[in-house]
Amino acid sequence: MQLGGTQSAEQLAEQVLARDAKDATVVDFQRAADGVYTVDSSDLDFEETVYAVLAVVRQAVNGGPAA
């Protein structure tokens, strides 16, 4: 959910509180949920990171290797 935009300050506050309440139920922030792809860009520069993300997207869409 994207917060901000055209809603009123009151609506935004409600959305933030709802998001925070949902986040409070997460037990393990360091482990990706099932079906979530991760890219470790620790040792990559910006361009390498973009290519790595694109490879993961291709793999997810095509169901094959990230070549």
Side-chain angles (χ1 to χ4, degrees):
M1 167 175 36
Q2 181 68 33
L3 302 179
T6 60
Q7 65 269 61
S8 69
E10 182 178 296
Q11 291 169 321
L12 179 59
E14 289 174 11
Q15 287 179 348
V16 169
L17 291 174
R19 181 206 56 203
D20 290 349
K22 182 179 174 189
D23 287 350
T25 64
V26 176
V27 176
D28 188 358
F29 282 101
Q30 299 298 317
R31 189 175 142 256
D34 292 339
V36 172
Y37 294 87
T38 59
V39 174
D40 181 0
S41 62
S42 301
D43 297 321
L44 304 177
D45 64 21
F46 178 77
E47 187 173 328
E48 291 168 330
T49 300
V50 170
Y51 283 120
V53 169
L54 290 174
V56 170
V57 170
R58 285 187 193 102
Q59 180 182 10
V61 169
N62 298 327

**Report entry** Single-linkage hydrophobic cluster, 4.5 Å side-chain cutoff, Val53 and Val61 together
**Finding:** yes

**Report entry** All side-chain contact (heavy atoms from CB on, under 4.5 Å) counterparts of Ala21, not counting sequence neighbours
**Finding:** none

Query raised in the report: Would a distance-only check, ignoring hydrogens and angles, find a side-chain to backbone donor-acceptor pair under 3.5 Å from Ser8 to Gln11?
Result: yes

Query - Asp40: partners by side-chain hydrogen bond (donor to acceptor under 3.5 Å, both in side chains), with sequence neighbours left out - result: Ser42

Query raised in the report: For Asp43, does the CG atom have more than 12 heavy-atom neighbours from other residues, nucleotides or ligands under 6.0 Å away?
Result: no

Query - Between CG on residue Asp20 and OG1 on residue Thr25, distance to nearest 0.5 Å - result: 11.0 Å

Query raised in the report: How does the hydrophobic cluster around Phe46 look, that is, which other residues are in it when side-chain heavy atoms under 4.5 Å mark a link?
Result: Val50, Leu54

